[in-house]
Colleague: 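Pasting in a structure now, in structure tokens, and then I'll have a few things to ask.
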There are 2 protein chains.
Amino acid sequence: MDTRNAILTASISLFARDGYAQVSMRDLANAVGIRAPALYNHFKDKETLYLESVRHAFRGKADALAQALSSGASAHERLEHYVSCIATVFTDDPDSRRLIQREILDGNEARLRALSDQVFLAPFCNTLVLAKELAPERNAHLLTVSIAALVVHHIDIGPLRRLLPGHRPEHEEPACIARHVCSLLLHGISSAQKPNEQGVSGT
Amino acid sequence: MDTRNAILTASISLFARDGYAQVSMRDLANAVGIRAPALYNHFKDKETLYLESVRHAFRGKADALAQALSSGASAHERLEHYVSCIATVFTDDPDSRRLIQREILDGNEARLRALSDQVFLAPFCNTLVLAKELAPERNAHLLTVSIAALVVHHIDIGPLRRLLPGHRPEHEEPACIARHVCSLLLHGISSAQKPNEQGVSGT
DNA sequence: GTCTATAAGCGGATAGAC
DNA sequence: GTCTATCCGCTTATAGAC
């Protein structure tokens, strides 16, 4: 039974890095230190192994995000805490982040439904409440998506962003991203009084 | 030579939908109405065919986006025009959008460099100028990424967003996304005077 | 539960006729 | 330039010894 967990853990990394079709049962077995046929003692087939890996990767993730919203303070403080939390979680756990990207691209409706219900539903609903509190006159669904979009996209497109002008290493740090996103959300593009975000405005 | 273009056009759709590894040379040949070996009369191998397809998919795309920024009006008007343009382009051309997602996930540095230089560099630089004009005190790189992030992410996560509470079909229309994003960028979360974005605030 | 051996099929790519 | 036929490696999955 410990072997099973070892397989799941190793699988998450490989599937996240290379994608379902590019990872063979031999690759997975090698990563655990066994032979490919031994995998079938723990999982019916490759697809089942993949689905179980994804489930395993997201165990407890929903709670972490949902909890980030429950620390009862002012709405502004909860927003800042939540944005920071998203930025940190997605930066520190690139495997989960990449699995989500891959599932959105390739997942069928059943798989996306499972991901939605088990991972995103709870934090999304909590963010809806926060959104209505912060901006009752806006559409809560669109605003909730926008908040997540700002943080997640900055991280997701990292490989491309690194190549574009003006990039600096600190732009990959979760604290820097969170600061920028919060400021933008709270004040809009042209904040009359808001200072620079990490020291310099130009470049 | 017409066959070559037919191959490229068919390949874009298949690679965008299923990904490189999931599309076989036989699949590609079937889509064009020829046999697999005939593909090798036009392309050295599968990887070359894929790279040419990506190049073909993005012909002229950079110009379209860059031009959206050159219509010399006020900075606010250019922003609105640009956001609308991104939303429309990415909604109407899901193949290119998915190819970009896949390249960001799986592309090596050389391929990302090519994508960056040939597609994103020009519009990114123009947006940098706009960003400095709109918000001289902000970091232009971060703001430029945020503008694109807001629009693109709304569309990219469509399959997941459809399953989350509060979603409505009009949230997939580029005009609706553009309106929401522009309002958010210009006024921030809590716009004191901004009306609802598509008729109703709650739900 | 893990191993070796192996089945059965699909993948990219080539040879050579037309 | 396209075809049929074919090579060969790699894939998933199973059988059966230990």
Side-chain angles (χ1 to χ4, degrees), chain A residues 1-57 95 98-99 101-103 105-108 110-111 114, chain B residues 1-57 95 98-99 101-103 105-108 110-111 114:
Chain A
M1 193 58 181
D2 199 30
T3 308
R4 190 188 147 93
N5 276 326
I7 295 170
L8 288 174
T9 304
S11 300
I12 291 168
S13 296
L14 288 180
F15 282 133
R17 196 188 60 189
D18 299 329
Y20 180 82
Q22 297 277 36
V23 178
S24 74
M25 295 299 268
R26 283 177 175 79
D27 295 334
L28 294 170
N30 278 340
V32 191
I34 57 177
R35 303 293 157 195
L39 295 172
Y40 292 87
N41 293 321
H42 305 275
F43 304 93
K44 195 191 92 192
D45 55 20
K46 185 185 178 184
E47 193 183 350
T48 305
L49 168 48
Y50 173 75
L51 294 174
E52 291 288 317
S53 298
V54 173
R55 283 177 58 93
H56 191 259
D95 285 347
R98 287 175 66 89
L99 280 179
Q101 284 188 276
R102 293 195 182 280
E103 283 292 294
L105 265 170
D106 295 323
N108 56 36
R111 267 157 56 185
Chain B
M1 194 56 183
D2 198 32
T3 307
R4 190 189 147 93
N5 276 326
I7 295 169
L8 288 174
T9 302
S11 299
I12 291 168
S13 296
L14 287 181
F15 282 132
R17 196 188 59 189
D18 299 328
Y20 179 83
Q22 299 276 35
V23 177
S24 74
M25 296 299 270
R26 287 170 177 81
D27 294 333
L28 293 171
N30 278 339
V32 191
I34 57 177
R35 304 293 157 195
L39 294 172
Y40 293 87
N41 292 322
H42 304 275
F43 304 93
K44 194 191 94 193
D45 54 20
K46 186 185 177 184
E47 193 184 348
T48 306
L49 169 48
Y50 173 75
L51 294 175
E52 292 287 319
S53 297
V54 173
R55 284 177 57 94
H56 191 257
D95 284 347
R98 287 176 66 88
L99 281 178
Q101 284 186 275
R102 294 196 182 280
E103 283 293 294
L105 265 170
D106 296 322
N108 57 35
R111 266 156 56 184

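Numbers restart at 1 for each chain; the letters A, B, ... are given by sequence-line order, proteins then strands.
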Colleague: Under the salt bridge (charged side-chain N to carboxylate O under 4.0 Å, His left out) rule, collect the residues that match up with B:Arg98, sequence neighbours excluded.
Modeller: none
Colleague: Please name all residues satisfying side-chain contact (heavy atoms from CB on, under 4.5 Å) with A:Ala21, sequence neighbours left out, ordered by chain then number.
Modeller: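 Expected list: B:Ala21, B:Gln22.
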Colleague: Using heavy atoms and a sub-4.0 Å distance, could you list which residues of residues 5-19 of chain A are near DNA chain D? By number, please.
Modeller: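 Within this stretch, nothing sits under 4.0 Å of the strand.
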Colleague: Starting at atom CD1 of A:Ile34, determine the distance to atom P of C:dT4, rounded to an integer number of angstrom.
Modeller: 12 Å
Colleague: Taking only residues two or more places apart in sequence, or in another chain, which ones meet B:Arg26 in a side-chain contact (heavy atoms from CB on, under 4.5 Å)?
Modeller: B:Ser24, B:Ala36
Colleague: I'd like to check the salt bridge (charged side-chain N to carboxylate O under 4.0 Å, His left out) partners of B:Arg111; sequence neighbours left out, ordered by chain and number.
Modeller: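 Checked B:Arg111 against salt bridge (charged side-chain N to carboxylate O under 4.0 Å, His left out); matches are B:Glu103.
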Colleague: Going 5' to 3' through nucleotides 4-18 of chain D, assign each nucleotide B (protein heavy atom under 4.0 Å from a base atom), S (under 4.0 Å only from sugar-phosphate atoms) or - (no protein heavy atom that close).
Modeller: BB-----BBBB----
Colleague: Without decimals, in angstroms, what is the distance between A:Asn30 CG and C:dT2 C1'?
Modeller: 15 Å
Colleague: Using only side-chain N and O atoms of A:Thr3, determine if any of them is under 4.0 Å from OP1 or OP2 of C:dG1.
Modeller: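 Result: no.
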Colleague: What pairs with B:Asn41 under side-chain contact (heavy atoms from CB on, under 4.5 Å), at least two apart in sequence or on another chain?
Modeller: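 With neighbours one apart ignored, the set is B:Ala38.
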Colleague: Which residues satisfy the side-chain contact (heavy atoms from CB on, under 4.5 Å) test with A:Ala6, sequence neighbours excluded?
Modeller: A:Val32
Colleague: Keeping to residues at least two apart or across chains, list the salt bridge (charged side-chain N to carboxylate O under 4.0 Å, His left out) pairs with something in residues 3-23 of chain B.
Modeller: B:Arg4-B:Glu52
Colleague: Yes or no on side chain to side chain contact (heavy atoms under 4.5 Å, CB included) for B:Leu8 and B:Phe43, after CA distance, side-chain angles and deciding distance?
Modeller: CA-CA 10 Å; B:Leu8 288 174; B:Phe43 304 93; 3.7 Å; yes
